[in-house]
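Below is one structure, written out as structure tokens, with a few remarks after it.
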Amino acid sequence: MKYLLLYNPVSGRQSFKKHIALVKNMFAKTEHELDIYESKKGNDLKEQATKQASMYDVFLVAGGDGTINEVVNGLMQVEKKPVIAVIPGGTANDTAAMLGIPRNLKKAIKLILEEDPAMIDINRMNHRYFIYAAASGVLSKISYDVSRRHIHKYGYLAYVFAAMKDLGKDYKYNLTIECNEQKLNLECMMVLGLASKRVGGMWLSNFANSKLNDGLFEFRIFKRHHAFRVFRLVSFFLRGGRQLKADYHFVSNKFKITANNDVNWNVDGEFAMSGSIDIEVYQKALPIIVSKRVKKRSF
Ligand SMILES: [Mg+2]
């Protein structure tokens, strides 16, 4: 089979470059062919994914959630998609964790060479595709607010510091959500939409029960409370994403959210757009490598 390794030299704390020799070595012991492409600039991997899709059986994507998101956006433009296999290389690595790919490079590649792909759902927010998360309000912008320099120095802790700072601000905005023939106008402080139970490097085991191939996405809308604001959010995370009284939870394959232009949306940890959004789930849209355990539990 023909593999193309796509990597982003600036994901996470270390460059992936120094691991390439090991990847080459492991592939040299197989029958497979391996080509390598290093991202030259933002969105380069998206363009390359579209361009090179028909030439390969598998895309090995090394990097963080943003890198994988780029490649997925490129692949959603083409009919014939290669299998995606993720090699964790970022800071939070939510996508890799959700797919059950080990952090250890050797183990990750071993799993990728052994497992058959599963068809995973891909979601779309307006023109932008995403894999696992869509959010606005409090905590939603820390993933792109934290500077490279801080990530390099503090790693995951850099996000925790930024989260603590953001929790001190009083978020308040209105939106209208339409789904499942319901239409509600709400005042909220955070919207969190997830395809799985993982976000920001954390597992929210009580957030949802959905599968990665059921064609459904889940949104939690956190009503704004003036008092106990921080307490409520911290308690949400500590209790593994359990629904608190007064908050709303929606499960559907389509959502329409109308919001002001100053409401910013984040998908898969990156800024995506502002204002009103349409969300749609494309069921079983992409072949992807997952661990045996994830295939059993989440598919
Ligand atoms: Mg689902």
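The first residue in the sequence is number 1, and the count goes up from there. Order of listing sets the numbers, starting from 1, for every ligand and every atom in it.
- Shown here is K296, whose NZ atom has no more than 12 heavy atoms of other residues, nucleotides or ligands within 6.0 Å.
- For K211 and F299, the positive end is not near the middle of the six-membered ring at less than 6.0 Å and at most 45° from its axis.
- Counting only distance, with no hydrogens or angles, the side chain of D268 and the backbone of F130 share no donor-acceptor pair below 3.5 Å.
- Neighbouring protein atoms of the Mg ion (ligand 1) (N, O or S, distance under 2.8 Å, waters ignored): K211 O, D214 OD1, L216 O.
- In this structure, the separation between CZ on F222 and CG on L139 is 9.0 Å, given to the nearest 0.5 Å.
- The backbone N or O of K40 lies less than 3.5 Å from a partner atom in the side chain of D44, making a donor-acceptor pair.
- Proximity of the aromatic rings of F255 and F219 is defined here by a centroid distance below 6.0 angstrom, and this criterion is met.
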